[in-house]
Every structure is written in C-alpha cells, then in structure tokens.
Amino acid sequence: MQDVVQPFSDRLATAIRLRRTPAIVGLDPRLAQLPEALLKSCHNAGLERQAAAFTEFCCGVIDVVASLVPAVKPQAAFFEELGPHGTAALADVIAYARRLQLLVILDAKRNDIGSTAEAYARGYLGADSPWGADGLTVSPYLGNDSLTPFVEVARQRRAGLFVLAKTSNPGGGQFQDLPSNGRPFYRHVAEYIEQLAIADAGSCGYGSVGAVVGATYPEQLAELRSAMPHAWILIPGFGSQGATARDVAAGFDKRGLGAIVNNSRGIIFAYSRREYADRFSPLQWQDAVAAATRDMIDRLRSDTPAGNLMTDH
C-alpha cells in the first residue's frame with residue numbers, strides 16, 4: 001500500500017479497495033476533550049506534557065483504525081497551537097501512522113508565492129520529506145504560480161494535493177459563491193483542478209491533484225463531481241458538522257472510488273457521544289473509536305456507491 005513507485009492517486013485507490021471503504025479519520029486532538037486518564041496527566045502541566053498526551057492519544061486512535069480505514073488526516077493547527085512541542089508531536093504521529101501502513105493527508109491548508117510555496121511543498125510532501133505526508137491540503141487563492149510548485153513537487157515525489165474548492169463551513173460561500181463570468185468562483189477553481197488532475201491521471205482514472213468539497217453542500221458536491229471527473233474529492237463535514245452518508249453519495253463514481261470522506265470529532269471523541277457513552281466507559285475510549293469507525297463505514301456502504309467496494313476485485 002505504501003509503494004512509493006506508484007503515484008498517489010493509485011496508492012489511494014489501492015488502499016481504499018484493500019479496506020473496502022473511503023472513510024478516513026481526522027486527527028484533531030483537543031485538550032479539553034481528551035479521555036479522562038490523559039487529561040489528568042496534563043493537569044497543571046506545561047506544553048511538553050500536553051503534546052505528549054496528544055501523541056499518546058492520536059497513536060491510540062491509529063492503533064484502532066489502521067486495520068479499518070485507508071488514511072488518516074491530522075489537522076496541523078491543533079498541534080501547532082502547542083508550539084515546538086506540538087509540531088514534534090505531529091511529526092511523531094505522522095511517522096507512526098506511516099509505520100502502520102496508513103496514508104497520511106496533512107490538513108495544513110498551506111500556500112504562498114514562488115520559492116516560499118516550493119519550500120512548503122518540499123517540507124511536507126513525500127515519504128522522504130521532513131514531514132513525510134502523502135498528501136496535503138492547499139489554498140488556491142493566490143493563483144496559478146502559487147500552486148505550480150506544489151504540483152511539481154507532488155508529482156516528483158508521488159504525493160497528492162487537495163485544493164480548497166467548496167469548503168464545508170457556513171461562511172465559505174462569502175467568496176467561493178461569488179459570480180465570476182456567469183459562474184460561481186468555485187467552478188473556476190474546479191476547472192483548474194480538473195486540468196491538473198487529468199494531466200497525470202493514474203490507472204485508477206484520477207490524478208494527483210484533488211479537491212476539498214464539503215459534505216454540507218450536497219448539491220454543489222454533485223455539481224463538482226461532474227465538473228472534475230479525474231479529481232479525487234476530499235469530503236469534510238461528515239458527522240459532527242451534520243452531514244450524512246446520503247449527503248456525500250454524489251461524490252463517488254459507480255465503483256465507489258473518487259472520494260474520501262473524513263470524520264474527526266465524531267470518531268476520535270466517540271466515547272463522549274450519547275450513543276456510545278452508554279456502551280463504553282471513558283477507559284474504553286478506543287473501543288468507542290472502533291465502534292464509531294465501523295458505524296461510519298457501514299453507513300457509507302449502505303447509502304453510497306462505496307457499497308460496491310465490497311464486490312470490487
């Protein structure tokens with residue numbers, strides 16, 4: 001699954017077929033929501049101890065989900081909030097996930113111009129980079145010359161990119177939906193993503209450059225799936241943001257490929273959710289993670305073309 005000779009698009013397709021699910025787990029550690037035992041260890045402790053708790057927690061999640069899902073998506077901000085200790089924890093979590101044969105999509109939403117963009121790309125992307133991420137989220141709003149360095153490095157290193165197109169947050173439409181030449185701005189972004197994706201489409205039919213499209217806008221998701229037939233779509237917004245499996249169904253092709261669906265809080269903090277708290281004590285938080293992951297996988301199989309992965313050979 002981690003064969004670096006394969007392009008990212010084909011490695012992702014292989015991993016999805018192996019696990020028979022497009023579900024991925026977001027690693028968004030929040031201090032106040034950590035299981036009681038880990039939270040107690042941080043009481044009156046400094047940032048170093050908090051970062052260690054984040055590492056322990058995220059690696060505990062990874063232990064549970066590595067056999068269930070194709071990838072994890074660490075959110076860089078929650079680690080960076082703790083400063084240097086937090087970034088060291090993020091590096092440890094990425095390395096641990098890769099050791100357990102998970103693809104790692106780092107949610108950092110980076111971008112800048114020229115040589116700065118190239119520095120971001122070279123630092124984050126590829127198995128031999130300092131961060132070692134298989135994929136990275138990036139912003140498109142600085143234009144073509146800001147994305148080109150990311151695209152070039154991703155292709156060289158068999159890594160992937162997910163460009164923000166239509167985000168899941170309520171305020172995303174303030175700029176993304178603005179009309180431009182008779183179409184919403186996000187459609188122009190989508191067309192550019194499709195051009196990049198089709199240029200290096202792998203045997204799975206998808207390229208190394210994909211899009212981020214929120215599950216909270218199912219009509220736009222269907223529109224953008226049609227507009228980007230060669231681009232993987234990373235779909236946030238499932239679970240805690242209110243989107244359901246039916247809301248994400250339009251993101252897939254008939255094979256159950258073409259999209260990955262992220263769930264963060266709804267899985268990693270499942271032990272505190274009503275439907276799991278009655279079944280699992282705080283000490284059984286990993287069992288709750290496993291149960292929530294399996295429930296998401298089952299819903300996607302039932303209500304989306306991801307069910308076709310069960311018969312995919």
Main-chain N/O of V64 paired with Q286 side-chain donor or acceptor, under 3.5 Å: no

Could you go through the side chain to side chain contact (heavy atoms under 4.5 Å, CB included) check for F162 and I260 one step at a time? CA-CA 11 Å; F162 291 92; I260 49 177; 4.0 Å; yes

Could you name each residue pair satisfying salt bridge (Lys or Arg N to Asp or Glu O under 4.0 Å) that touches residues 166-177, not counting sequence neighbours? K166-D177

Candidate pair S41 and R49, rule side-chain hydrogen bond (donor to acceptor under 3.5 Å, both in side chains), full reasoning: CA-CA 8 Å; S41 73; R49 177 56 223 162; 3.0 Å; yes

If I take atom CD1 from residue I267 and atom OG1 from residue T293, how far apart are they, to the nearest 0.5 angstrom? 4.0 Å

Smallest separation among heavy atoms of Y217 and T167, with atom names: CE1-O, 3.2 Å

Going by an N to O cut-off under 4.0 Å, is there a salt bridge joining D287 and R279? no

Show the atom names and distances, to 0.1 Å, of all donor-acceptor pairs under 3.5 Å that link a side chain in residues 115-126 to residues at least two apart or in another chain.
unit_1 : atom_1 : unit_2 : atom_2 : d
Y124   : OH     : R110   : NE     : 3.2
Y124   : OH     : R110   : NH2    : 3.1

Heavy-atom closest contact (A53 atom, L38 atom, distance): O-CD1, 4.2 Å

Applying salt bridge (Lys or Arg N to Asp or Glu O under 4.0 Å) to R299 and not counting sequence neighbours gives none

Nearest heavy atoms of A154 and L161, plus distance in Å: CB-CG, 4.0 Å

What pair of heavy atoms forms the shortest contact from L224 to A190, and how long is it? CD2-CB, 3.5 Å

So the salt bridge (Lys or Arg N to Asp or Glu O under 4.0 Å) pairs with at least one residue in residues 215-228 (sequence neighbours excluded) are R187-E223

Indicate yes or no for a side-chain donor-acceptor contact from S180 to the backbone of R183 under 3.5 Å, with no hydrogens or angles considered. no

F78/L31 under side chain to side chain contact (heavy atoms under 4.5 Å, CB included): CA gap, chis, key distance, verdict: CA-CA 9 Å; F78 292 106; L31 186 63; over 6 Å; no

Which of T304, I297, D298 passes side-chain contact (heavy atoms from CB on, under 4.5 Å) with L300? It is T304

Scan residues 63-75 for pairs that pass salt bridge (Lys or Arg N to Asp or Glu O under 4.0 Å), counting only residues two or more places apart or in two chains. K73-D107

Donor-acceptor pair, distance only, cut-off 3.5 Å: does the side chain of T148 make one with the backbone of D145? no

When the side chains of residues 203-214 are checked against the rest of the protein, which donor-acceptor pairs come out under 3.5 Å, sequence neighbours left out?
unit_1 : atom_1 : unit_2 : atom_2 : d
S203   : OG     : D10    : OD1    : 3.3
S203   : OG     : D10    : OD2    : 3.2
Y206   : OH     : D253   : OD2    : 2.8
S208   : OG     : D200   : OD2    : 2.5

Answer yes if the ring centres of F269 and F57 are under 6.0 angstrom apart, and no otherwise. yes

Under the side-chain hydrogen bond (donor to acceptor under 3.5 Å, both in side chains) rule, what do Y192 and N144 come out as? Steps first, then yes or no, please. CA-CA 9 Å; Y192 182 64; N144 173 65; 2.3 Å; yes

